[in-house]
Visitor: 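Structure incoming, see below.
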Protein chains: 2
Amino acid sequence: MISDELKTLIHLLSRLPGLGPRSGKRIALHLLQNRATTLTALAESLHVAGVKVKDCTICGNLDSQNPCSLCQDSRRDTSVICVVESVADLWALERSASFKGHYHVLGGVLSALDGIGPEELRFSSLFQRCQQGSVYEIILALNATVEGQTTSHYLTEHLKELGIAHISSLARGVPVGGELDYLDEGTLSAALLSRRVV
Amino acid sequence: MISDELKTLIHLLSRLPGLGPRSGKRIALHLLQNRATTLTALAESLHVAGVKVKDCTICGNLDSQNPCSLCQDSRRDTSVICVVESVADLWALERSASFKGHYHVLGGVLSALDGIGPEELRFSSLFQRCQQGSVYEIILALNATVEGQTTSHYLTEHLKELGIAHISSLARGVPVGGELDYLDEGTLSAALLSRRVV
């Protein structure tokens, strides 16, 4: 009943993160019913982005220039590197506008279950950057998950061997606007442990 | 910070039905991080679907052939036309596999608020099909919303004028598997009114 071209489109759309068969169908129909404004523009934009946007060879950020605009920005502090799991995390930190150093995107975290070891991630290029001598501090801004913490641990060991004296991780505590009643025990005990003198 | 090509892609994705800025970003990153398997395939599929899939000139269904496979199917009953709002509704009815007549997709419903009048919808082609004489029954399978019902009413008036004797609409009642406690009053009173002798 549904033609093959349409089936392929629905199948591809429904495999995107957060979408399923039903939303895939809905989006495919929307695209075909508003061709001029959506379908053609999206196909063109996908093509352009696929050709122009590349991984930055230094930090792993996605940008149309290589090295990326962040790595090329001379106003940023080259002595601090903030290590993040994904480009989305880099964007989140940039939105906070509270970090003016450089980044390094790992492209994932160590995961024995998914078969992701140190070779699958951008570890060696991070170590190379550290060996160039100008790096004073590494901030490990990885997610507070088991895999994120394992990766932090692994990186800390290796970075110490390379002679990086200042290795830090993001503070754990009560999020801004957070209510204690809704927080898990782990966060609360971390917040208590790292309590600050007022 | 985010390059223009990427911004355009995120903007276009986030305007698709059911998506927002956050899911748009997530999907854009997923596409760029899995280029070979997703981005190229999706761009290609969008292009192919945009070129090949067309509106059927008879019923308004989306298909790669025109007239569509449903209109061309000689096993289907040409004397019954089921009028639906959208292609998604046509697919839903086809999934139920309980209708073997022809369809007519209106492409929307009358809505004074959105400025959609009879000229914006596939009304005239429906009336033309009815005037060809072979149509015995019209089933108005429009959504049970205010706009859907207004459209049903409008169509009924005009179809009667064209001499169509048998005009029906879908039955209202308790959905299969439905629990009375969770049903709204309108559905319950409709189910009571149309009660059947056991």
Side-chain angles (χ1 to χ4, degrees), chain A residues 1-13 15-19 22-33 35 37-55 61-65 68-70 73 86-88 90-92 94-95 97 107-108, chain B residues 1-13 15-19 22-33 35 37-55 61-65 68-70 73 86-88 90-92 94-95 97 107-108:
Chain A
M1 168 194 63
I2 304 179
S3 71
D4 290 341
E5 294 84 6
L6 209 45
K7 267 188 196 153
T8 315
L9 180 61
I10 293 171
H11 175 71
L12 287 169
L13 285 170
R15 280 174 56 200
L16 293 176
L19 301 184
R22 198 169 274 267
S23 43
K25 251 180 211 168
R26 195 168 156 219
I27 292 178
L29 283 175
H30 172 84
L31 286 168
L32 284 162
Q33 277 155 2
R35 281 160 208 251
T37 49
T38 60
L39 189 136
T40 338
L42 183 60
E44 174 67 17
S45 166
L46 277 171
H47 177 73
V48 171
V51 171
K52 289 215 178 171
V53 179
K54 300 272 173 210
D55 288 359
N61 186 15
L62 284 167
D63 204 344
S64 51
Q65 40 189 326
C68 73
S69 55
L70 294 178
D73 190 344
S86 66
V87 177
L90 186 159
W91 288 352
E94 276 298 285
R95 272 201 303 278
Chain B
M1 171 194 61
I2 303 178
S3 70
D4 290 341
E5 294 85 5
L6 210 43
K7 268 188 194 150
T8 315
L9 181 59
I10 292 171
H11 175 71
L12 287 169
L13 285 170
R15 281 175 55 202
L16 294 176
L19 300 186
R22 199 170 272 267
S23 42
K25 252 180 212 168
R26 195 167 156 221
I27 291 178
L29 283 176
H30 172 84
L31 287 168
L32 284 162
Q33 278 156 0
R35 280 160 208 249
T37 49
T38 60
L39 190 136
T40 338
L42 184 59
E44 173 67 17
S45 167
L46 277 171
H47 177 73
V48 170
V51 171
K52 289 216 175 169
V53 179
K54 301 272 173 212
D55 288 359
N61 185 16
L62 285 167
D63 204 343
S64 52
Q65 40 189 326
C68 73
S69 55
L70 295 179
D73 190 345
S86 66
V87 177
L90 186 158
W91 289 352
E94 276 298 285
R95 270 202 303 279

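Residue numbering restarts at 1 for every chain, and letters A, B, ... go by the order of the sequence lines. In this text the structure is predicted, and so the values were computed from the model without any measurement.
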Visitor: Let me have the donor-acceptor pairs involving side chains of residues 22-30 of chain A, under 3.5 Å, with sequence neighbours excluded, atom names and distances please.
Guide:
residue	atom	partner	partner atom	Å
A:S23	OG	A:G20	N	2.9
A:S23	OG	A:G20	O	3.3
A:H30	ND1	A:N34	ND2	3.4

Visitor: Using a cut-off of under 4.5 Å on heavy-atom pairs, state which of B:L90, B:T8, B:V48, B:L42 scores highest against chain A.
Guide: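 Among the listed options, the one with the most contacts to chain A is B:L42.
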Visitor: So among B:D63, B:N61, B:L62, which one has a side-chain contact (heavy atoms from CB on, under 4.5 Å) with A:S3?
Guide: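 That would be B:D63; it is the only one of B:D63, B:N61, B:L62 passing the side-chain contact (heavy atoms from CB on, under 4.5 Å) with A:S3.
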Visitor: Could you pull out the closest heavy-atom pair between A:E5 and B:K52, with the gap in Å?
Guide: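 Reported closest heavy-atom pair: OE2-CD, 3.3 Å.
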Visitor: Heavy atoms only: give me the nearest B:R35-A:V53 pair and the separation to one decimal.
Guide: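 Shortest heavy-atom separation between B:R35 and A:V53 comes out as NH2-O, 2.6 Å.
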Visitor: Looking at every non-hydrogen atom in both residues, tell me the closest pair between A:L39 and B:L46 and how far apart they are.
Guide: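 Nearest heavy atoms, A:L39 then B:L46: CD2-O, 3.5 Å.
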Visitor: Distance check, rounded to the nearest 0.5 Å: B:C68 atom SG versus A:I2 atom CD1?
Guide: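 Interatomic distance, B:C68 SG to A:I2 CD1, rounded to 0.5 Å: 12.0 Å.
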Visitor: By a 4.5 Å heavy-atom criterion (distance strictly below it), what part of B:L31 contacts chain A: side chain, backbone, both, or neither?
Guide: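 Just its side chain gets close to chain A.
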Visitor: Looking at every heavy atom in both B:L9 and A:A49, which two are closest together, and how far apart are they?
Guide: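 Closest pair (atom of B:L9, atom of A:A49, distance): CD2-CB, 3.9 Å.
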Visitor: Name the region of A:Q33, side chain, backbone, both or neither, that has any atom closer than 4.5 Å to a heavy atom of chain B.
Guide: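 Only the side chain of A:Q33 comes within 4.5 Å of chain B.
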Visitor: At a 4.5 Å cut-off on heavy atoms, which part of B:Q65 comes close to chain A: side chain, backbone, both, or neither?
Guide: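 Neither the backbone nor the side chain of B:Q65 comes within 4.5 Å of chain A.
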Visitor: A:S64, A:P17, A:A43: which one forms the most heavy-atom pairs within less than 4.5 Å of chain B?
Guide: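 Greatest number of close heavy-atom pairs with chain B: A:P17.
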Visitor: When heavy-atom pairs shorter than 4.5 Å are enumerated against chain B, which of A:D4, A:D55, A:D73, A:L32 gives the highest number?
Guide: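 Result: the option with the highest number of such pairs is A:L32.
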